[in-house]
Amino acid sequence: MTDQRAECWAEMPALIAAVQAAGDAIGLPYVAAQADLGDPEPMSDEEGRPYAETSFHWVDPSYAYWRDRKLALQLAFLTAARLVAEPFYYSDGRLGTWRATHLLDEVDCSQARNTPNFGEAIIAPVHLPRGLVGAVFWCSREPIGVEAIFAAQAGHLHNLAVKLIATHNEARGRPRNATVPQTLTRREVQCLRWAAAGKTDGEIGIILSLSVSTVRFHLRNAAGKLGATGRAQSIQIAAGLGFVGARAA
């Protein structure tokens with residue numbers, strides 16, 4: 001383990017405590033956190049112990065939610081955390097944030113509305129480079145006027161969430177294949193842009209007057225320079241770095 005990763009693990013207890021203390025202070029004492037919504041494993045300490053068992057407590061103490069691997073696909077809050085990058089709140093069956101957005105309007109919150117002893121919540125998504133998304137949730141068992149609390153505290157909570165999730169992922173060495181990207185050649189960028197537009201290797205070859213093997217050569221080189229592990233990730237990373245337009249990606 002590198003010194004940097006060891007330092008990050010050393011910082012985690014204080015960050016966990018700060019996240020919990022923030023929830024206690026505003027009447028949202030039930031906390032859940034996940035460093036990577038695409039990871040079926042729960043967010044855990046250096047020894048592999050889930051923070052949901054050792055540090056945080058949920059509104060239903062009998063529900064070990066971190067063991068439910070289907071939760072990431074079923075829970076409305078996690079869906080919303082993937083759709084928006086700013087914090088949002090839950091109250092009375094709906095989601096809201098600082099601005100009007102149709103993205104949150106489309107999220108079905110009936111599961112939360114029908115969950116006994118579940119009141120209100122503030123959720124802070126954390127969108128990190130290379131498509132990694134985490135989130136921290138602060139919840140109550142009864143309504144507490146969360147909209148006003150959100151207006152006053154959302155920025156602070158989001159800052160805490162970013163520190164917690166980013167530090168935890170750095171401690172874990174995530175993303176594992178992260179590298180400082182090298183400069184892509186003109187042909188590599190062209191191939192990536194057409195791949196992002198949905199073209200096959202054969203179609204790209206026709207468009208650029210290249211053989212299929214040459215197209216694949218350029219795409220493999222681009223993936224290697226970007227630290228990607230496949231076509232989809234190459235396009236995603238290239239879009240994030242500005243090589244590929246967001247509309248095409």
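- Counting only heavy atoms from C-beta outward, the side chains of Leu83 and Val107 approach each other to under 4.5 Å.
- Atom CD of Glu203 sits in a crowded spot, with more than 12 heavy atoms from other residues, nucleotides or ligands closer than 6.0 Å.
- Residues Tyr63 and Tyr30 share a hydrophobic cluster, clusters being chains of Ile/Leu/Val/Met/Phe/Trp/Tyr side chains in contact below 4.5 Å.
- The line from CG of Leu132 to CG of Asn169 is 4.5 Å long, rounded to the nearest 0.5 Å.
- With hydrogens and angles ignored, the 3.5 Å screen pairs no side-chain donor or acceptor of His168 with any backbone N or O of Asp45.
- Under a 3.5 Å cut-off, the side chain of Trp9 and the backbone N or O of Ala171 do form a donor-acceptor pair.
- A distance of 5.0 Å separates CZ in Arg216 from CG in Asp201, rounded to the nearest 0.5 Å.
- Residues Gln20 and Ile16 have side chains not in contact (no heavy-atom distance under 4.5 Å, counting atoms from C-beta outward).
- Checked against side chain to side chain donor-acceptor pair (under 3.5 Å), Asn159 has no partners two or more places apart in sequence or in another chain.
- Listed here is the closest heavy atom pair of Leu95 and Ala80: CD1-CB, 3.7 Å.
- Nearest heavy atom pair, residue Cys191 against residue Ile204, reads O-CD1, 3.7 Å.
- Formation of a donor-acceptor pair under 3.5 Å by the Ser140 side chain with backbone atoms of Glu142 is found in this model.
- In terms of hydrophobic clustering, with Ile, Leu, Val, Met, Phe, Trp and Tyr side chains grouped at heavy-atom distances under 4.5 Å, Phe56 and Met12 are assigned to a common cluster.
- Contact record, Ala76 with Cys109: CB-CA, 4.3 Å, taken as the closest heavy-atom pair.
- Taking the side chain as every heavy atom from C-beta outward, Ile26 and His156 never approach each other to under 4.5 Å.
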Going through the distances and angles, do Arg5 and Glu46 end up as a salt bridge (charged side-chain N to carboxylate O under 4.0 Å, His left out)?
CA-CA 10 Å; Arg5 289 180 59 189; Glu46 193 172 5; over 6 Å; no
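- The CZ atom of Arg172 sits 6.0 Å away from the CG atom of Asp36 when rounded to the nearest 0.5 Å.
- Glu120 places a side-chain N or O within 3.5 Å of a backbone atom of Gly145 that can act as its donor or acceptor partner.
- No side-chain heavy atom of Thr214 sits under 4.5 Å from any side-chain heavy atom of Arg187.
- Without hydrogens or angle criteria, Glu188 side chain to Thr185 main chain gives a donor-acceptor distance under 3.5 Å.
- Clustering ILVMFWY residues whenever any of their side-chain heavy atoms sit less than 4.5 angstrom apart, transitively, puts Leu184 in a cluster other than the one holding Phe217.
- Distance check: Arg99 CZ to Phe88 CZ gives 11.5 Å after rounding to the nearest 0.5 Å.
- Here the side chain of Arg193 pairs a donor or acceptor atom with the backbone of Phe243 at under 3.5 angstrom.
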Check the pair Arg113, Ser110 against side-chain contact (heavy atoms from CB on, under 4.5 Å), reporting the backbone distance first and the verdict last.
CA-CA 5 Å; Arg113 185 169 54 246; Ser110 58; 3.5 Å; yes
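- The backbone N or O of Met43 lies less than 3.5 Å from a partner atom in the side chain of Gln34, making a donor-acceptor pair.
- Of all non-hydrogen atoms in Gly27 and Ile144, the two that sit nearest each other are O-CD1, 3.2 Å.
- Side chains of Val136 and Val31 form a contact here, defined as non-hydrogen atoms less than 4.5 Å apart.
- For the pair Val215 and Leu219, the minimum side-chain heavy-atom distance is below 4.5 Å.
- The shortest side-chain heavy-atom distance between Asn117 and Asp60 does not fall under the 4.5 Å cut-off.
- For the pair Trp58 and Cys139, the minimum side-chain heavy-atom distance is below 4.5 Å.
- Between the OH atom of Tyr89 and the CD1 atom of Ile123 there is a distance of 11.0 Å, given to the nearest 0.5 Å.
- Counting all heavy atoms, side chain and backbone alike, Leu192 lies closest to Ser234 at CD2-CB, 4.0 Å.
- Side-chain N or O atoms of Thr167 include none that pairs as donor or acceptor with a backbone N or O of Cys8 at under 3.5 Å.
- Residues satisfying the ring pair (Phe, Tyr, Trp, His ring centres under 6.0 Å) criterion with Phe77, sequence neighbours excluded, are Tyr90, Phe118.
- Going from atom CG of Leu210 over to atom NE2 of His218 covers 5.5 Å, rounded to the nearest 0.5 Å.
- The aromatic rings of Trp98 and Phe150 lie tilted to each other, with the angle between the two planes from 30° to 60°.
- Side-chain atoms of His127 come within 3.5 Å of backbone N or O of Val84 as a donor-acceptor pair.
- In this structure, Val212 is not a member of the same hydrophobic cluster as Trp194, with clusters built from ILVMFWY side-chain heavy atoms closer than 4.5 Å.
- The two residues Ala18 and Leu160 have their closest heavy-atom pair at O-CD1, 3.9 Å.
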